[in-house]
Amino acid sequence: MGYFHQDWYHDGDNATDAAARQLAASCDEEPLALRRDARALGLLPSPTLKVLWYAGAEYMPNIEWLGGAAEWTRTLVRLCDARLSASEVRPFTGADAEDGAACLDAVLAEIDAARFLDPEVRTALTDCARRCTPDLAFRVLLRTMTPAPDASLSSERYRRLEAVGSAPEGT
């Protein structure tokens, strides 16, 4: 979602070109992480993916132009695979390999507390937390807060989000 900033269309003739150019200029960890997330998101039904893409990407092109949400996710995996095939990439280890399973309840509570988000978005995030990983759902939740109208965080909510985001696996 982060590839589609306000001027993403300057990076290519279409969304696939823009993503490929971003990946080509990135260090190995970025396509590795994107591939991991795209594969996980591929576990979701296309309508759920569509809700998450539109909620989290401020300047995303119409997902139907990209063949639909499921096809776009598969395209991202293929682009990452192509980028990663050009180098010797070591797999994630340590905290980078964690899925946040121990934080599932905390992530679900924060999704539920995000009442400024459309109920459909909260449902999609909950589905993501349960079917993909809590870590991915939490990151998408944070991403959806940026463009959300009426989004505001109290100091207490900020502290809770910070605690979830920095919690070591197993707590």
Side-chain angles (χ1 to χ4, degrees), residues 1-9 11 14-16 18-19 22-23 30-31 33-80 96 98-167 169 171:
M1 294 174 193
Y3 281 177
F4 296 95
H5 45 82
Q6 189 169 1
D7 58 353
W8 69 267
Y9 50 86
D11 291 335
N14 55 49
T16 302
Q22 289 284 333
L23 287 167
E30 192 171 340
L34 179 59
R35 181 178 65 182
R36 177 194 58 204
D37 291 350
R39 283 179 174 166
L41 288 168
L43 300 172
L44 297 173
S46 196
T48 302
L49 273 172
K50 184 176 180 178
V51 168
L52 293 176
W53 281 117
Y54 284 128
E58 290 180 80
Y59 302 102
M60 181 71 173
N62 183 323
I63 200 76
E64 299 311 318
W65 296 345
L66 304 172
E71 181 57 33
W72 177 242
T73 303
R74 286 188 293 272
T75 296
L76 289 174
V77 170
R78 284 191 301 273
L79 290 170
C80 290
D96 291 333
E98 301 298 339
D99 64 5
C103 295
L104 176 61
D105 291 339
V107 170
L108 292 173
E110 291 306 326
I111 292 167
D112 186 57
R115 295 295 173 178
F116 51 84
L117 293 176
D118 186 278
E120 185 179 39
V121 174
R122 290 195 317 271
T123 299
L125 286 164
T126 297
D127 199 18
C128 181
R130 293 184 187 282
R131 290 177 142 190
C132 301
T133 69
D135 173 69
L136 178 57
F138 182 70
R139 289 183 285 118
V140 175
L141 169 65
L142 295 176
R143 184 83 188 164
T144 63
M145 290 178 169
T146 302
D150 303 324
S152 64
L153 298 177
S154 66
S155 296
E156 175 58 28
R157 179 97 198 270
Y158 184 87
R159 280 192 291 279
R160 285 195 326 262
L161 290 170
E162 188 175 49
V164 172
S166 62
E169 188 64 27
T171 59

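- With Arg157 contributing its side chain and Glu110 its backbone, the two residues share a donor-acceptor pair below 3.5 Å.
- Ile111 CD1 to Leu141 CG: the interatomic distance, rounded to the nearest 0.5 Å, is 5.5 Å.
- Applying the side chain to side chain contact (heavy atoms under 4.5 Å, CB included) criterion to Ser155, with sequence neighbours excluded, gives Arg159.
- Considering all non-hydrogen atoms of both residues, Phe138 and Gly165 come closest at CE2-CA, 3.5 Å.
- Leu43 contributes atom CG, which lies 9.5 Å from atom SG of Cys128 (distance to the nearest 0.5 angstrom).
- The line from CD of Gln22 to CG of Leu34 is 10.5 Å long, rounded to the nearest 0.5 Å.
- Between the CG atom in Leu117 and the CG atom in Leu125 there is a gap of 6.5 Å [rounded to 0.5 Å].
- You'll find the side chain of Tyr54 stays beyond 4.5 Å of the side chain of Val121, heavy atoms only.
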- Kindly determine whether Arg74 and Val77 satisfy side chain to side chain contact (heavy atoms under 4.5 Å, CB included), including the steps that lead there. CA-CA 5 Å; Arg74 286 188 293 272; Val77 170; 5.6 Å; no
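- Counting all heavy atoms, side chain and backbone alike, Ala38 lies closest to Leu76 at CB-CB, 4.2 Å.
- When side chains are defined from C-beta on, Trp72 counts as touching Thr16, because their heavy atoms get closer than 4.5 Å.
- Judged as a salt bridge (Lys or Arg N to Asp or Glu O under 4.0 Å), the pairs with a partner in residues 115-126 (not counting sequence neighbours) are, in order, Asp112-Arg115.
- Of the possible donor and acceptor atoms, none in the side chain of Arg131 sits under 3.5 Å from a partner among the backbone N and O of Leu44.
- Once rounded to the nearest 0.5 Å, the distance linking CZ of Arg143 with CG of Leu52 reads 13.0 Å.
- Within the model, atoms CG of Leu161 and CG of Leu153 stand 6.0 Å from one another, a figure rounded to the nearest 0.5 Å.
- Pairing each heavy atom of Pro134 with each of Ala101, the nearest pair is CG-CA, 3.9 Å.
- For Cys80 against Pro31, the heavy-atom pair with the smallest separation is SG-O, 3.4 Å.
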- Task: Show your working on side chain to side chain contact (heavy atoms under 4.5 Å, CB included) between Arg36 and Leu136 and close with a plain yes or no.
- Result: CA-CA 10 Å; Arg36 177 194 58 204; Leu136 178 57; over 6 Å; no
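- Among residue pairs with one or both ends in residues 37-49, those qualifying as side chain to side chain donor-acceptor pair (under 3.5 Å) are Asp37-Arg139; sequence neighbours excluded.
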